[in-house]
Structure formats: structure tokens, C-alpha cells
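See structure below.
Treat the numbers as computed from the prediction; the structure is a model and nothing was measured.
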Amino acid sequence: MKWSFSALGLIVMGLFGFMILMLFSEITISNEQDYYSIKEVTESAMIESIDIAYYRLTGKIKISREKFVENFSKRFVKNSTYGDGNYDIIFYSIEEDPPKVSIGVIDSTQSYNIYTETLDPTRIDVVNKITAILDSYE
């Protein structure tokens with residue numbers, strides 16, 4: 001009888017360990033994907049939102065704030081899990097001249113279901129922040 005309880009305990013511990021492994025793998029993989037996506041999207045959105053008319057007149061680089069927010073949002077939704085994520089995008093500061101942006105993206109992990117009960121306390125927020133400066137050589 002004691003060996004059957006030991007076997008049952010071993011199975012329960014294995015399932016618990018498997019659940020912990022799945023949770024941490026989701027956190028690390030989504031964090032890495034989000035970081036590189038934010039980095040690439042920020043760079044391309046900054047380049048795309050350069051004010052060409054201002055550059056032609058003065059020779060200095062300046063970005064348009066509204067155009068940057070639009071380009072970043074559009075590109076990030078397109079690149080990050082095709083819009084299938086729980087993302088909150090926070091624009092901390094956007095400086096037009098010299099071009100500098102500070103952005104934070106909060107990603108919530110999935111909730112896990114056990115016996116048709118949703119475990120919301122298992123949702124973990126992964127926060128990625130980036131500050132980028134667009135520089136040019138004259």
C-alpha cells in the first residue's frame with residue numbers, strides 16, 4: 001500500500017514540475033521575442049518617421065511624434081504574434097529634436113486552466129523597456 005502512495009506522489013510531483021517548467025519557458029521565450037521585436041520595431045519606426053522637409057531645410061534630423069507612435073504601433077502589432085498577445089504599450093517620452101524615445105511594453109503570460117477553473121494569479125507581467133537615440137554622422 002505504501003508503494004502505491006509513493007507512486008502517486010511521484011506522479012503528482014512530476015506534473016507539478018512540468019507545469020513549473022512550462023510557465024518559466026513561456027516567460028523566457030516571450031521575453032526574448034519581445035525584446036528583439038521592440039528593438040527592431042523602434043529602429044525602423046524612428047527611421048520611417050524622420051521629418052524630411054525639416055532635414056532638407058536645416059540639415060538636422062527630427063522625427064514626428066505622431067508619425068512615430070503610428071508607425072511603432074502598426075509595426076509592433078504586425079510583428080508580435082500577429083496581434084495575439086496581451087500587450088500594453090507605454091510611451092514614456094518622445095523627443096523630436098534630437099530624436100530620442102523611451103518605450104515600455106508589458107506582456108502578460110497566459111492563464112492556466114485546472115479543472116475548468118482559470119488561475120488568474122498565475123498571470124505574470126513581463127516588462128521590457130527600451131530607450132533609443134537616432135544619431136547621424138555629419
Side-chain angles (χ1 to χ4, degrees):
M1 187 70 158
K2 69 178 180 178
W3 293 110
S4 62
F5 283 120
S6 298
L8 182 63
L10 187 64
I11 290 172
V12 168
M13 290 295 285
L15 288 175
F16 183 71
F18 184 69
M19 201 164 99
I20 295 294
L21 282 173
M22 287 203 38
L23 178 68
F24 282 113
S25 70
E26 180 186 351
I27 290 171
T28 56
I29 289 172
S30 89
N31 182 28
E32 187 173 353
Q33 288 175 344
D34 290 344
Y35 171 74
Y36 286 111
S37 178
I38 292 167
K39 186 177 173 183
E40 296 295 323
V41 167
T42 302
E43 181 183 358
S44 60
M46 284 181 79
I47 290 172
E48 193 171 302
S49 63
I50 292 175
D51 190 359
I52 301 296
Y54 182 80
Y55 178 73
R56 286 182 183 159
L57 289 175
T58 62
K60 295 181 180 178
I61 294 178
K62 175 181 167 184
I63 61 172
S64 171
R65 181 177 295 155
E66 292 82 15
K67 199 171 183 182
F68 173 76
V69 171
E70 178 186 348
N71 288 332
F72 183 86
S73 302
K74 180 176 64 174
R75 286 177 181 267
F76 187 74
V77 168
K78 188 184 288 185
N79 289 338
S80 63
T81 62
Y82 303 104
D84 187 33
N86 299 321
Y87 293 106
D88 291 327
I89 301 173
I90 301 169
F91 296 99
Y92 292 111
S93 71
I94 301 173
E95 302 293 328
E96 292 182 344
D97 186 26
K100 176 192 160 289
V101 295
S102 294
I103 302 167
V105 175
I106 301 172
D107 181 17
S108 298
T109 60
Q110 298 176 359
S111 61
Y112 294 99
N113 296 334
I114 298 176
Y115 296 120
T116 67
E117 290 184 23
T118 304
L119 297 176
D120 281 336
T122 60
R123 293 188 88 116
I124 296 173
D125 291 339
V126 179
V127 180
N128 285 307
K129 294 180 183 177
I130 190 168
T131 300
I133 300 171
L134 189 62
D135 194 13
S136 66
Y137 298 105
E138 294 181 15

Examine distances only and state if a side-chain atom of S44 and a backbone atom of V41 form a donor-acceptor pair shorter than 3.5 Å.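 Answer holds: yes.
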For the side chain of R65 and the backbone of I94, is there at least one donor-acceptor N/O pair under 3.5 Å apart?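 Here the side-chain-to-backbone pair exists.
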To the closest 0.5 Å, what do you measure between [atom1] ([X]) and [atom2] ([Y])?
| X | Y | atom1 | atom2 | result |
| --- | --- | --- | --- | --- |
| K129 | I106 | NZ | CD1 | 8.0 Å |
| I63 | I50 | CD1 | CD1 | 8.5 Å |
| L21 | F16 | CG | CZ | 10.5 Å |
| N128 | E32 | CG | CD | 10.5 Å |
| N71 | M46 | CG | CE | 12.0 Å |
| I130 | K39 | CD1 | NZ | 7.0 Å |

Search all heavy atoms of F68 against all heavy atoms of T42 and return the closest pair with its distance.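 Heavy atoms only, the tightest pair is CE1-O, 4.0 Å.
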Nearest non-hydrogen partners of I38 and F72, listed with the distance: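 The pair with the smallest heavy-atom distance is O-CE1, 4.3 Å.
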When hydrophobic residues are tied together by side-chain contacts of less than 4.5 Å, even through go-betweens, does [X] share a cluster with [Y]?
| X | Y | value |
| --- | --- | --- |
| Y54 | I61 | no |
| V101 | F91 | yes |
| I90 | F76 | no |
| I47 | I133 | no |
| L15 | L8 | no |

Check: S64/S49 side-chain N/O donor and acceptor closer than 3.5 Å: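 Judged by distance alone, the side chains do not pair up.
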Check this for me: does any side-chain nitrogen of one of E48 and R75 sit under 4.0 Å from a carboxylate oxygen of the other?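 Yes, this pair counts.
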Neighbour count above 12 (heavy atom, 6.0 Å) for Y92 OH: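 Yes, enclosed.
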Could you work out the complete set of other residues in the hydrophobic cluster of Y35, with links drawn between I, L, V, M, F, W and Y side chains under 4.5 Å apart?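 Members besides Y35, by chain and number: Y36.
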So do the side chains of K100 and T131 get within less than 4.5 Å of each other, counting heavy atoms only?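 Counting from C-beta outward, K100 and T131 do come under 4.5 Å.
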D34 side chain near Y87 side chain, heavy-atom distance below 4.5 Å: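 The answer is yes; the side chains approach within 4.5 Å.
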